[in-house]
Amino acid sequence: MLFPLNRPARLAVFASGRGSNLDAILSNFPKGHSLASVSLVMSDNADAGALEKALTRGIPAYTFPFPARKKDKDGLGRKAFEREAEHYLEAEQIDLICLAGFMRLFSLEFNERWQGRLLNIHPSLLPEFKGLHPQRQALESKVSEAGCTVHFVDAGVDTGPIILQKRVPVFATDTEESLSVRILEQEHLAYPEAIRLVLEGKAKFEAVL
Ligand code: GRF
């Protein structure tokens, strides 16, 4: 059994951008929290706001290039990133990885090695609107509800066992931006809640055969 642990869990957050979900995780699990705290931040983008947020709090934060798939046909760039990440994950004795706006896909091997210990947040009510621009997809589909999903990562893109979802209304006057803001507010509640469920052993990865 992976979780619960009989000590505070050490979290890694992987983020490519501004890091507002990282902020939400940090304020729910500050240093010294009995359930968890953030011990590592990693990014593929040297300009990610998430790196600065971590460093100002004294949390180890590293960046390493992770080229997009079309520029990395042989997968060597991805392999190099994963090797670097595994090095820091081991050095920091990480128990759980939280992808928070991390815009790259790991290899099957990486996902399998971290199965049950690798979470992602996606701004749609999965399985609807996987992939890029889910808020735009929601508006184009004229749905009346949207939201966010925290799930375990499996071999697919935005698939994997769902831990929890939060819903918001979609208004006729919504733009992609206004809907994204409404969903993001819920993301900041959903991610810490989902982390708690996993660490307390109340949500587990179950392979769908
Ligand atoms: C969030 O909407 C997240 O769901 C998506 O990318 C965005 C990241 O935002 N995958 P932030 O960097 O956490 O502010």
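As the structure is a prediction and not an experimental result, all values here were calculated from the model. All ligand and atom numbering here is 1-based and tracks the order in the structure.
- When side chains are defined from C-beta on, E200 does not count as touching P4, because their heavy atoms never get closer than 4.5 Å.
- The side-chain heavy atoms of L99 and L119, taken from C-beta on, include no pair separated by under 4.5 Å.
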Check: residues 29-40 side-chain donor-acceptor pairs under 3.5 Å, at least two apart:
unit_1 : atom_1 : unit_2 : atom_2 : d
K31    : NZ     : R57    : O      : 2.9
H33    : ND1    : L35    : N      : 2.9

Please tabulate, one line per pair, the protein nitrogen or oxygen atoms found under 3.5 angstrom from a nitrogen or oxygen of ligand 1, with distances to 0.1 Å, or say none if there are no such pairs.
unit_1   : atom_1 : unit_2 : atom_2 : d
ligand 1 : 2 (O)  : E187   : OE1    : 3.2
ligand 1 : 2 (O)  : E187   : OE2    : 2.9
ligand 1 : 4 (O)  : E187   : OE1    : 2.6
ligand 1 : 4 (O)  : E187   : OE2    : 3.4
ligand 1 : 9 (O)  : R18    : NH2    : 3.2
ligand 1 : 12 (O) : G19    : N      : 2.8
ligand 1 : 13 (O) : S20    : N      : 3.3
ligand 1 : 13 (O) : N21    : N      : 2.9
ligand 1 : 13 (O) : N21    : ND2    : 3.0
ligand 1 : 14 (O) : R18    : NE     : 2.5
ligand 1 : 14 (O) : R18    : NH2    : 3.4
ligand 1 : 14 (O) : S20    : N      : 2.8
ligand 1 : 14 (O) : S20    : OG     : 2.5

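- K130 has its side chain within reach of T159: a pair of non-hydrogen atoms, C-beta onward, lies under 4.5 Å apart.
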Show me the donor-acceptor pairs within less than 3.5 Å that the side chains of residues 73-80 make with the rest of the protein, sequence neighbours left out.
unit_1 : atom_1 : unit_2 : atom_2 : d
K73    : NZ     : K70    : O      : 3.4
D74    : OD1    : L76    : N      : 3.1

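- Residue pairs that meet the ring-ring contact (aromatic ring centres under 6.0 Å, His included) test with at least one member in residues 147-191, sequence neighbours left out, are F152-F205.
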